[in-house]
Chemist: 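First the structure, then my questions, so here it is.
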Amino acid sequence: MTLASPEPRAPLPRAAAPLHPWVIAIGGCLLALLAAVLVFPSAPTRFDPLPFLIVTVAFFLTETVSLHVEFRRQTWSWSVSELALTVALVEVGGYWAAAARVVGVGLSLAFQRYPPPKAVFNMAVSVVEVAVAVAVLRVLPFTGLTEPAGWLALLVAVLVADVIGTLLVICAIRLSGGNPNRQLWQELLLPVAVVSPFAVSVAVVAMLLIRVTGWAAVLILPAAVAVTVLFRRFASVARERHTLQKVYEFARRVEELPSDEAGTLHLVDAVRELLNADRVALWLPPYLDEGPRLVVAAEDGRDWYDGPGDPDDLIRRRATDPVNDGPVLVSMSRATEAEAAALRRRGVEDLLAASVATAAGEPGYLEVCDRRSDALSYADGDRSALDSMLTHVNAAIRAQQLLTQIRYDADHDRLTGLPNRQRLAVEIDTLLAADPVGARAGLVLASLDNLTEIVDTLGHAAADELLLVTAGLLREHAPPDALVARMEGEQFAVLLPGLSLDAAERAARRLREATSTRARVAGLDLEVTLTIGVAAAPVHGTDSGMLMQRADVALLAAADGPGVASYHQVLDQQSLRRLQLGTELEQAMADGQISVVFQPIIDARTSDIVSVETLVRWAHPRFGAIPPDDFIHLAEQIGRIGDLTDHVLDLALARCRRWLDQDIALSVAVNLSARCLSEPDLVERVQRALRLHGVPGELLILELTEGSVVDDSVRSSTVLAELHALGLRLSMDDFGTGYSSLSQLRQLPIDEVKIDKSFVLGMSTSQGESFIARSIIELAHNLGLRVVAEGVEDELTRKLLTEMGCDKLQGFLVSRPLPDERLESWLLARTGVRSAAPGAQHRRLFVRA
Ligand code: C2E
Ligand code: CA
Ligand code: CA
């Protein structure tokens with residue numbers, strides 16, 4: 001029994017602190033010395049060179065031709081050295097037997113390149129064993145080879161020696177930190193019980209034969225060779241069976257592995273476990289959107305080392321060379337200079353390397369380094385074991401790549417191979433989540449113009465081709481860190497990490513210029529033009545959903561105009577519908593879908609109807625009544641507000657004209673959007689409309705919003721003065737909601753202010769609101785302005801406002817806004833007609849009490 005590798009590199013749990021191998025070796029030597037002193041006679045028996053030489057050789061041979069069995073880091077060898085021991089005890093006596101055994105075993109272990117402390121320990125154990133055998137023979141006197149009693153004595157002596165030797169080995173394993181379990185005890189002691197009797201009986205037979213005739217050697221030698229060969233054969237069959245079983249276990253283990261990254265590590269670890277290796281590395285080529293990977297499973301826990309990841313590495317190149325078949329075995333002992341360099345680079349002694357089949361077009365690479373047991377190195381048997389395992393490794397890698405492919409397909413566009421919308425969303429969210437406060441990113445949504453026409457005229461194949469060309473152009477011209485994605489249909493997206501809105505917009509313009517070319521598709525020169533919408537984080541949103549939607553809105557806006565547009569607040573949430581409405585607005589005016597309603601405004605004191613406010617309405621054939629708040633902004637945005645205003649002004653003045661025709665003077669108020677004031681021809685248009693309908697200027701009131709009036713460009717222009725010069729009145733709408741102060745109004749040609757309904761609506765319930773209304777009324781009066789309160793819904797409010805001196809009232813209390821014909825009947829029912837005031841041309845209406 002020989003201990004091949006008593007010291008584990010990492011102590012197992014529950015084990016005592018491991019002793020240094022040399023401490024164990026020296027302990028063994030002391031024990032051997034003690035045994036020798038106690039057992040061997042002080043004067044050696046006569047030295048006979050020939051028998052001594054023979055038994056030394058026998059010790060050497062039996063020790064060398066041994067069967068190795070590995071268990072984790074431990075390796076045990078069974079040899080038939082008991083055979084040599086039996087012969088030695090009989091032929092040269094205990095003293096010289098011990099000497100021959102030390103020499104034979106020492107040489108054998110040196111030949112097998114055992115680490116010195118282990119070799120020394122084993123030599124010491126062999127001396128102890130001889131001493132034990134001699135001691136036993138002294139108790140059960142050896143009566144000679146001719147009697148069964150003598151055989152029995154020999155058998156007992158060898159058996160006891162073997163058991164003691166085994167116990168010493170177990171001791172050493174424990175002392176070196178190992179923790180032998182029951183299975184180990186069995187594995188160690190069982191063969192002793194089988195091998196010893198067999199070896200002793202063979203030895204006795206041989207010696208008896210030699211005693212009969214020296215010629216017996218001629219018989220014994222071939223028999224010994226045959227036994228040795230059979231023994232070795234048995235050993236290799238056992239090993240192969242063992243390997244087979246391990247490969248089978250490996251296959252089962254691999255089948256249960258998850259097909260993910262952790263699965264790869266487990267796979268590599270399973271290879272390592274099976275081949276009892278120090279380290280195993282698996283290099284996998286880039287696949288789809290995954291980069292190359294190096295997965296290392298190592299005894300010492302490291303996850304990288306130099307060599308396997310290098311495509312120019314000599315061993316890797318050789319193993320993955322397609323002409324090479326099966327794994328490659330490289331050992332330091334038989335290495336060429338270049339191979340040795342490759343091994344040294346990794347810091348290993350021997351290595352098995354193999355190519356791994358992948359779906360990536362390029363093979364992967366697997367290498368297995370150094371046996372954990374240092375008594376053994378890799379041999380051809382291991383090569384074939386690795387070869388059998390490779391089938392399973394390949395299958396596992398393929399399964400994993402299949403999963404990668406499924407995942408890849410799920411977030412990539414099939415045609416262009418670009419990431420799809422889902423993937424883009426994930427990328428945006430990850431980018432923004434990484435730095436919720438500071439992260440900036442531009443999102444460019446690019447739509448390929450005319451794709452539908454190309455599908456219609458040239459078919460889908462041509463359209464696909466054009467999409468591919470566009471994808472290529474975008475990828476080529478997008479900044480290097482940008483992510484180009486394909487949305488559905490004719491849309492692409494480019495994510496620009498780190499860019500502000502302005503920078504993203506500039507990038508978008510460059511991209512549009514760079515990509516607008518002609519492409520040869522289906523034998524035709526087709527134009528590639530992109531329409532681009534831009535949104536940016538964090539200004540327009542901090543998640544993918546919001547950004548994409550807003551870029552989408554910007555894209556629709558871009559389609560109408562310059563080809564590139566950024567999202568703007570005014571195009572907010574419902575902008576999609578709005579933009580669609582935008583294109584319909586013009587037609588709607590022509591079709592008469594856009595009409596107006598009138599809301600009466602009365603004199604607070606006399607209840608005379610002094611004017612009506614014209615409010616626009618859109619009766620959309622599909623969406624029903626669309627509130628003005630929803631399309632006024634839109635009309636401003638798409639530059640249609642002028643047309644809309646003209647339309648409303650026209651309807652309002654037409655109404656006014658009909659009253660005039662009935663000899664009734666009733667003013668009409670028309671709302672003027674802020675944009676209108678900056679239209680250079682506004683004054684001219686208003687004048688023309690008045691003239692067209694023959695309405696005097698004083699019957700028209702223009703309601704302006706506070707914001708538009710305090711705007712610097714308006715204040716510096718003469719537009720208000722010119723309007724005023726037409727004789728019409730200017731009213732400041734929604735007063736109190738802006739930032740102007742009444743004193744600012746002093747310099748403007750304003751005639752009246754309308755207290756915003758938000759202050760009026762709460763008056764009957766809130767003291768504070770009353771206070772605001774009261775202040776506005778007082779201050780306005782001080783400036784010589786008239787005051788209108790809008791949003792009067794109840795009698796109390798009306799009473800309060802009247803007491804405060806408010807001049808005019810408007811609100812649901814008086815009337816809701818009414819369409820033309822209902823206004824007519826309302827007027828008939830509720831009003832009377834006063835005769836024209838002295839000097840005035842027309843009659844006036846009043847609300848009957
Ligand atoms: P505004 O000029 O402040 O118009 C008054 C709004 O208050 C009208 O809503 C009217 O229906 C509503 N209103 C009147 N009395 C009461 C009341 O007692 N209680 C409540 N809760 N509301 C009352 P509408 O018609 O929906 O108009 C909304 C806004 O749309 C207008 O606010 C105005 O800014 C704009 N708008 C309407 N027509 C035109 C137009 O022809 N041109 C322009 N540029 N803007 C218009
Ligand atoms: Ca108004
Ligand atoms: Ca208002």
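Each ligand, and each atom within it, is numbered from 1 in the order the structure gives.
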Chemist: Please test Met487 against Ser447 for side chain to side chain contact (heavy atoms under 4.5 Å, CB included), starting from the C-alpha separation and ending with a verdict.
Modeler: CA-CA 9 Å; Met487 312 297 262; Ser447 171; over 6 Å; no
Chemist: Is there a heavy atom in Glu793 that sits closer than 4.0 Å to ligand 1?
Modeler: yes
Chemist: For Glu698, I'd like to know if atom CD has over 12 heavy atoms of other residues, nucleotides or ligands within 6.0 Å.
Modeler: yes
Chemist: Apply side chain to side chain contact (heavy atoms under 4.5 Å, CB included) to Glu790 and Asp734, showing your working.
Modeler: CA-CA 9 Å; Glu790 63 176 11; Asp734 301 343; 3.3 Å; yes
Chemist: Among Leu823, Leu615, Leu818, which residue meets the side chain to side chain contact (heavy atoms under 4.5 Å, CB included) test with Phe598?
Modeler: Leu823
Chemist: Give the contacting part of Ile632 toward ligand 1: side chain, backbone, both or neither, where contact means a heavy-atom distance below 4.0 Å.
Modeler: side chain
Chemist: Contact between ligand 1 and Pro627 is defined here as a heavy atom of the residue under 4.0 Å from a ligand atom; is it met?
Modeler: no
Chemist: Nearest protein heavy-atom contact for atom 45 (N) of ligand 1: which residue, which atom, what distance?
Modeler: Asn671 CB, 3.6 Å
Chemist: To the nearest 0.5 Å, what is the distance between CD1 on Ile701 and CZ on Arg729?
Modeler: 4.0 Å
Chemist: Starting from atom 22 (N) of ligand 1, which protein heavy atom do you reach first, and at what distance in Å?
Modeler: Phe812 CZ, 3.5 Å
Chemist: Output yes when a protein non-hydrogen atom is found under 4.0 Å of atom 13 (N) of ligand 1, and no otherwise.
Modeler: yes
Chemist: What do the steps show when you test Ser731 against Glu752 for side-chain hydrogen bond (donor to acceptor under 3.5 Å, both in side chains), and what is the final call?
Modeler: CA-CA 5 Å; Ser731 177; Glu752 66 177 26; 3.0 Å; yes
Chemist: Considering only heavy atoms, does Glu790 approach ligand 1 within less than 4.0 Å through its side chain, its backbone, both, or neither?
Modeler: side chain
Chemist: Should the proximity of Ser673 to ligand 1, defined as any heavy atom under 4.0 Å, be assigned to the side chain, the backbone, both, or neither?
Modeler: both
Chemist: Considering all protein heavy atoms, does one lie under 4.0 Å from atom 42 (N) of ligand 1?
Modeler: yes
Chemist: Begin from the C-alpha positions of Ile609 and Trp826 and carry the test side chain to side chain contact (heavy atoms under 4.5 Å, CB included) through to its verdict.
Modeler: CA-CA 12 Å; Ile609 296 182; Trp826 186 87; 3.3 Å; yes
Chemist: For ligand 1, is there an N or O atom under 3.5 Å from any N or O atom of Pro628?
Modeler: no
Chemist: Would you mind running through ligand 1 and noting each atom that sits below 4.0 Å from a heavy atom of Asp629?
Modeler: 28 (C), 29 (C), 30 (O)
Chemist: Which N/O/S atom belongs to Glu613 and is the closest one to the Ca ion (ligand 2)?
Modeler: OE2
Chemist: Please state whether Arg617 comes within less than 4.0 angstrom of ligand 1, counting heavy atoms only.
Modeler: yes
Chemist: Tell me which protein heavy atom sits closest to atom 11 (O) of ligand 1, plus the residue, atom name and distance to 0.1 Å.
Modeler: Pro817 CG, 3.3 Å
Chemist: Pick whichever of Val792, Leu702, Asp734 has a heavy atom sitting closest to atom 3 (O) of ligand 1.
Modeler: Asp734
Chemist: For the side chain to side chain contact (heavy atoms under 4.5 Å, CB included) test, which of Leu690, Leu660, Leu728, Leu726 pairs with Pro696?
Modeler: Leu660
Chemist: Is any heavy atom of the protein nearer than 4.0 Å to atom 34 (O) of ligand 1?
Modeler: no
Chemist: Kindly indicate whether a cation-pi arrangement holds for Arg816 with Phe812, taking the cut-offs as under 6.0 Å to the six-membered ring centre and within 45° of the axis.
Modeler: yes
Chemist: Using side-chain hydrogen bond (donor to acceptor under 3.5 Å, both in side chains), reason through Asn671 and Glu613 one step at a time and then give a plain yes or no.
Modeler: CA-CA 8 Å; Asn671 290 285; Glu613 181 179 355; 2.8 Å; yes
Chemist: Counting only heavy atoms not in Glu803, do more than 12 sit closer than 6.0 Å to its CD atom?
Modeler: yes
Chemist: Residue-level breakdown please: for Arg816 versus ligand 1, do any non-hydrogen atoms fall below 4.0 Å on the side chain, on the backbone, on both, or on neither?
Modeler: neither
Chemist: With side-chain hydrogen bond (donor to acceptor under 3.5 Å, both in side chains) as the test, would you mind laying out the steps for Arg798 and Ser764 before giving the verdict?
Modeler: CA-CA 9 Å; Arg798 171 197 169 119; Ser764 58; over 6 Å; no
Chemist: Do any nitrogen or oxygen atoms of Val648 lie less than 3.5 angstrom from nitrogen or oxygen atoms of ligand 1?
Modeler: no
Chemist: In the protein, what heavy atom is nearest to atom 38 (N) of ligand 1, and what distance, to one decimal place, separates them?
Modeler: Val616 N, 3.0 Å
Chemist: Asp429 and side chain to side chain contact (heavy atoms under 4.5 Å, CB included): which single residue from Leu547, Thr542, Asp543 fits?
Modeler: Asp543
Chemist: Where is the nearest protein heavy atom to atom 7 (O) of ligand 1: which residue, which atom, and how far?
Modeler: Lys757 NZ, 3.1 Å
Chemist: Could you identify the single nearest non-hydrogen protein atom to atom 8 (C) of ligand 1 and state the distance to 0.1 Å?
Modeler: Leu615 CD1, 3.8 Å
Chemist: Within 45 degrees of the ring normal and closer than 6.0 Å to the centroid, is that where the cationic atom of Arg655 sits relative to Trp659?
Modeler: yes
Chemist: Can you tell which part of Lys754 has a heavy atom less than 4.0 Å from ligand 1: side chain, backbone, both or neither?
Modeler: neither
Chemist: Quick check on Arg657: does its CZ atom have over 12 non-hydrogen neighbours (other residues, nucleotides or ligands) under 6.0 Å away?
Modeler: yes
Chemist: What verdict does the side-chain hydrogen bond (donor to acceptor under 3.5 Å, both in side chains) test give for Asp733 and Thr705, after you've listed the backbone C-alpha separation in whole Å, the side-chain angles of each residue and the deciding distance to 0.1 Å?
Modeler: CA-CA 5 Å; Asp733 206 353; Thr705 57; over 6 Å; no
Chemist: Check step by step if side chain to side chain contact (heavy atoms under 4.5 Å, CB included) holds for Met763 and Leu796.
Modeler: CA-CA 9 Å; Met763 268 180 72; Leu796 178 61; over 6 Å; no
Chemist: Would you say Ser731 reaches the Ca ion (ligand 2) with an N/O/S atom under 3.0 Å?
Modeler: no
Chemist: Are there more than 12 heavy atoms of other residues, nucleotides or ligands under 6.0 Å from atom CZ of Arg685?
Modeler: yes
Chemist: Counting only protein atoms, how many N/O/S atoms are less than 3.0 Å away from the Ca ion (ligand 3)?
Modeler: 4
Chemist: Checking a contact table here: which protein heavy atom is nearest atom 15 (N) of ligand 1, and how many Å away?
Modeler: Gln599 NE2, 2.9 Å
Chemist: At under 4.0 Å between heavy atoms, which part of Asp733 makes contact with ligand 1: side chain, backbone, both or neither?
Modeler: side chain
